[in-house]
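Report on the following structure.
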Amino acid sequence: RLPERSATAELLVGLWQAGLAAVDPAVTVPPLLPGQSERGRTVLFAAGKAAVSMAAAACAHRDFDEGLVVAPHGTARPCAMPPAVRLLTA
């Protein structure tokens, strides 16, 4: 049986959860995406430690003709990224 949390512990857990929610790519990325282009191709580029999660969030809200995501070695490809978006790990 786990001990009950103190009020301070509850506050700290709540702050931690709020901090995680504030930087969740599924929430923060979609409002920043431009409207779907009526002309030309729509291409996605993402690089860095958060590239995969940000690209997956973008792909969930927009169609891309192609793209390149560069992420750290060992990063797995999320199901939300279409085959036209290439994942390169380095």
Side-chain angles (χ1 to χ4, degrees):
R1 183 170 184 300
L2 295 173
E4 291 187 30
R5 291 186 190 164
S6 69
T8 303
E10 288 294 330
L11 173 66
L12 293 174
V13 168
L15 289 171
W16 175 260
Q17 290 171 337
L20 289 178
V23 297
D24 182 0
V27 175
T28 58
V29 169
L32 300 175
L33 294 172
Q36 193 74 30
S37 176
E38 293 182 18
R39 57 189 173 114
R41 300 171 59 79
T42 305
V43 181
L44 170 70
F45 292 103
K49 292 186 286 185
V52 171
S53 58
M54 292 183 355
C59 289
H61 288 86
R62 184 82 70 248
D63 293 326
F64 292 94
D65 296 306
E66 62 183 319
L68 176 63
V69 177
V70 181
H73 179 72
T75 302
R77 179 182 190 84
C79 296
M81 272 186 359
V85 176
R86 183 175 171 213
L87 173 63
L88 176 65
T89 59

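Since the model is a prediction, treat every value here as computed from it, not as a measurement.
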### Expected output: side-chain D65 to main-chain V43 donor-acceptor under 3.5 Å
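No, D65 side chain to V43 backbone: no donor-acceptor pair under 3.5 Å.
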### Query
Under 3.5 Å, is there a donor-acceptor pair between the side chain of R62 and the main chain of A57?
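Here the side-chain-to-backbone pair does not exist.
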How long is the straight-line distance from [atom2] of [Y] back to [atom1] of [X], given to the nearest 0.5 Å?
X: L32; Y: M54; atom1: CG; atom2: CE; answer: 9.5 Å
X: T42; Y: L33; atom1: OG1; atom2: CG; answer: 10.5 Å
X: R5; Y: L12; atom1: CZ; atom2: CG; answer: 10.0 Å

### Summary
Between T28 and A22, the two heavy atoms sitting closest are CG2-O, 3.2 Å
### Query
Hey, quick one: are F64 and V52 part of the same hydrophobic cluster, counting side-chain heavy atoms closer than 4.5 Å, chains of contacts allowed?
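Result: yes, single cluster for both.
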Which pairs would a plain distance check flag for residues 67-84, meaning a side-chain donor or acceptor within less than 3.5 Å of a matching protein atom at least two apart in sequence or in another chain?
from, atom 1, to, atom 2, distance (Å)
T75, OG1, P72, O, 2.6
R77, NH1, V85, O, 3.0
R77, NH2, P82, O, 2.6
R77, NH2, V85, O, 2.6

